[in-house]
Amino acid sequence: MSFDTLFQAQLDQLKDEGNYRIFAELQRKCGDFPRVQNHGHGQDEVTVWCSNDYLGMGQHPKVVQAMIDTVRTCGTGAGGTRNISGNAYHHKRLEEELADLHGKEAALLFTSGYVSNWAALSTLGSRLPNAVILSDALNHASMIEGIRHARCEKRIWKHNDVEDLDRQLRTLPANATKIVAFESVYSMDGDIAPIREIVEVAEKHGAMTYIDEVHAVGMYGPRGGGVAEREGLMDRITLIEGTLGKAYGVVGGYITGSHALVDFIRSFASGFIFTTALPPAVAAAARVSIKHLKESELERALQRRQVKRLRARLNAEGIPHVDNPSHIIPVMVKDPVKCRMLSDILMDQFGIYVQPINYPTVPKGTERLRFTPGPLHSDDDIEYLVEALKTLWKQCAIAHAVA
């Protein structure tokens, strides 16, 4: 038997469905974001419209310099796990910065936001007595994977439906250790959880709250602490999880909470114990990025302005997009083949890069182009994008929204 034949059969099925993913070959140019060099098909230089480097901090001179300076003093790698190589100075300073950001006693670094969710949820669910994790129906794959590996009882509650959460919590036995897991900003639809109501229901039933703020840290709140900071709720949430790889422009994930909670995860989470630590230079750059966004409102203000401007222009031209209160603008196509085709044409003919979002990231029939305007996109960039979309919507006979 040829194993390659088995592999290829499933790849061919993906292609037939329109869900086969092709990655662009792009090279970021320091100081020129959102312009990037394209090494694949299409124009040599393209404008990125789907980056999770929401504020362009991956190009910020202070962040870049911090990484360069630390490489020169500490070298490139951490030398192994922290269990083997110890805590680097920059790891500890970054964890202090993160704890302060969220008003918590302690923080713990991971190699990515995916790993921090997987490790923390799997450890909580597997180690706490009679644990039951109640997960929002649209939680990220990393949270789902962590819950699966916890091998404890789980309940799925309807997305952002506090009444359903309340009902399910009521049915649990008195001796259950209840963990309510949810996100603040949901990355595909861009909607925001009713955090206050969720926290109040969890408190009523004596449940722990676990919030994923990866698409919100750096973006919301007076110091970039996320939606929970903006709503004044950080002190009422048991564990706040976030990432360094989106608005902070670097890489890595983390959790924050009480000393006991963080030490518990540090001591039992295999995803922390057996994983090589972040390079000190990455930690140093992330700390500078966080410190900057604690003090600077400029990037967030410019980003909000460009989000508002793009929404207004899409509305004016009747281009269908999901109306939500966040920085994420999903333009709905609802067909995987057309979504891929639109992405290719935008890249090849207009020098616009936006990756199609299809199954399994979103349900079949809800395929979309996901735009994330940032402070470094100009008004001319927005106008050019909207004119390109307007042209393609007519050519491809995709239904317009009511203008």
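Worth knowing before you read on, the calculation uses all heavy atoms, side chains too, and leaves out hydrogens, waters and symmetry mates.
Residue pairs meeting the ring pair (Phe, Tyr, Trp, His ring centres under 6.0 Å) criterion with at least one member in residues 68-89: none, sequence neighbours excluded. Sorted by first and then second residue, the side-chain hydrogen bond (donor to acceptor under 3.5 Å, both in side chains) pairs involving residues 223-232 (not counting sequence neighbours) are D100-R223. Note on residues 102-152: pairs passing ring pair (Phe, Tyr, Trp, His ring centres under 6.0 Å), not counting sequence neighbours, are H102-Y254, F110-F272, W118-H149.
The structure places CG of L244 at 6.5 Å from CG of L109, a figure rounded to the nearest 0.5 Å. Taking CE of M332 as the start and CD of E367 as the end, the distance is 8.0 Å to the nearest 0.5 Å. Atoms CG and OG1, from L121 and T123 in turn, are 9.0 Å apart once rounded to the nearest 0.5 Å. Note that SG of C152 is 4.0 Å distant from CD1 of I133, once rounded to the nearest 0.5 Å. Expressed to the nearest 0.5 Å, how far CD of E183 lies from CD1 of I195 amounts to 11.0 Å.
Partners of F268 according to the ring-ring contact (aromatic ring centres under 6.0 Å, His included) rule, which considers only residues two or more places apart in sequence or in another chain, are F264. Partners of H377 according to the ring-ring contact (aromatic ring centres under 6.0 Å, His included) rule, which considers only residues two or more places apart in sequence or in another chain, are W49. With sequence neighbours left out, D379 forms a salt bridge (Lys or Arg N to Asp or Glu O under 4.0 Å) with R305, R309. For the side chain to side chain contact (heavy atoms under 4.5 Å, CB included) test, residues two or more places apart in sequence or in another chain that qualify with K291 are E97, R287. Scored by the salt bridge (Lys or Arg N to Asp or Glu O under 4.0 Å) test, E145 finds R148 as partners (sequence neighbours excluded). Every residue two or more places apart in sequence or in another chain was checked for a salt bridge (Lys or Arg N to Asp or Glu O under 4.0 Å) with R196, and none qualifies. With sequence neighbours excluded, no residue forms a salt bridge (Lys or Arg N to Asp or Glu O under 4.0 Å) with R370. Qualifying ring-ring contact (aromatic ring centres under 6.0 Å, His included) partners for H159, counting only residues two or more places apart in sequence or in other chains: Y186. Legend: residues meeting ring-ring contact (aromatic ring centres under 6.0 Å, His included) with Y220, ordered by chain and number and at least two apart, are H327.
Annotation for N87: atom CG counts as buried by contact number, over 12 foreign heavy atoms lying within 6.0 Å. Around atom CZ of R151, no more than 12 heavy atoms belonging to other residues, nucleotides or ligands sit under 6.0 Å away. No more than 12 heavy atoms of other residues, nucleotides or ligands shown are found within 6.0 angstrom of NZ on K308.
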Go through Q355 and F23 one step at a time and tell me if the side-chain contact (heavy atoms from CB on, under 4.5 Å) criterion holds.
CA-CA 8 Å; Q355 182 75 348; F23 299 154; 4.2 Å; yes

Check step by step if side-chain contact (heavy atoms from CB on, under 4.5 Å) holds for E297 and R304.
CA-CA 11 Å; E297 182 62 21; R304 288 193 296 268; 2.6 Å; yes

Could you check E241 against S116 for side-chain hydrogen bond (donor to acceptor under 3.5 Å, both in side chains), going step by step and ending with a plain yes or no?
CA-CA 7 Å; E241 184 267 351; S116 55; 2.7 Å; yes

Output, in order, the C-alpha distance, side-chain angles, deciding distance and verdict of side-chain contact (heavy atoms from CB on, under 4.5 Å) for D166 and K204.
CA-CA 9 Å; D166 188 28; K204 182 174 75 170; 3.1 Å; yes

Determine whether N315 and H321 satisfy the following criterion, side-chain hydrogen bond (donor to acceptor under 3.5 Å, both in side chains), listing intermediate values before the conclusion.
CA-CA 8 Å; N315 285 335; H321 62 99; 2.8 Å; yes

Would E163 and V201 satisfy side-chain contact (heavy atoms from CB on, under 4.5 Å), going step by step from the backbone distance to the final call?
CA-CA 9 Å; E163 290 183 2; V201 166; over 6 Å; no

Between E95 and R82, does the salt bridge (Lys or Arg N to Asp or Glu O under 4.0 Å) criterion hold? Intermediate values first, please.
CA-CA 13 Å; E95 287 172 344; R82 287 166 74 175; 2.7 Å; yes

Apply side-chain hydrogen bond (donor to acceptor under 3.5 Å, both in side chains) to Y210 and N117, showing your working.
CA-CA 10 Å; Y210 181 114; N117 268 333; 2.7 Å; yes

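No side-chain heavy atom of T76 sits less than 4.5 Å from a side-chain heavy atom of P279. Side-chain contact between P356 and L342 is absent, with no heavy atoms from C-beta onward closer than 4.5 Å. Side-chain contact between Q37 and D44 is present, with at least one heavy-atom pair separated by less than 4.5 Å. Counting heavy atoms from C-beta on, the side chains of I329 and V307 come closer than 4.5 Å. At a threshold of 4.5 Å between non-hydrogen side-chain atoms, the residues I198 and W157 count as touching. You'll find the side chain of L124 reaches within 4.5 Å of the side chain of M208, heavy atoms only. Taking the side chain as every heavy atom from C-beta outward, K246 and M219 never approach each other to under 4.5 Å. S378 is listed as a side-chain neighbour of D381, based on a closest heavy-atom distance under 4.5 Å.
Side chain to side chain, D189 and N324 fail the donor-acceptor criterion of an N or O pair below 3.5 Å. When only modelled atom types and interatomic distance are considered, R368 and T366 share a side-chain donor-acceptor pair under 3.5 Å. Residues R127 and S267 bring no donor and acceptor atom of their side chains to less than 3.5 Å of each other. A side-chain N or O of K62 and one of H292 form a donor-acceptor pair less than 3.5 Å apart. For the 3.5 Å distance criterion, the side chains of N38 and Y353 fail to qualify, holding no donor opposite an acceptor. Looking at N83 and R266, their side chains never bring a donor and an acceptor atom within 3.5 Å of each other. Of the N and O atoms on the side chains of E213 and S184, at least one donor lies less than 3.5 Å from an acceptor on the other residue.
Ion pairing of E317 with R313 is present here, as a side-chain N (NZ or NE/NH1/NH2) and a carboxylate O approach within less than 4.0 Å. A salt bridge between K158 and D136 is absent, with no side-chain N of the basic residue lying under 4.0 Å from a carboxylate O of the acidic one. Salt-bridge check for K29 with E45: passed, with a basic side-chain N closer than 4.0 Å to an acidic carboxylate O. The pair R155-E153 meets the salt-bridge criterion, with a side-chain N (NZ, NE, NH1 or NH2) lying under 4.0 Å from an Asp/Glu carboxylate O.
When all heavy atoms of L314 and V386 are compared, the pair lying nearest together is CD2-CG2, 4.3 Å. Taking every heavy atom of both residues into account, I255 and A120 meet most closely at CG2-CB, 4.0 Å.
Between the side chain of T238 and the backbone N or O of T209 there is at least one donor-acceptor pair closer than 3.5 Å.
Across Q303, E299, H215, a single residue satisfies side-chain hydrogen bond (donor to acceptor under 3.5 Å, both in side chains) together with Y54, and that is H215.
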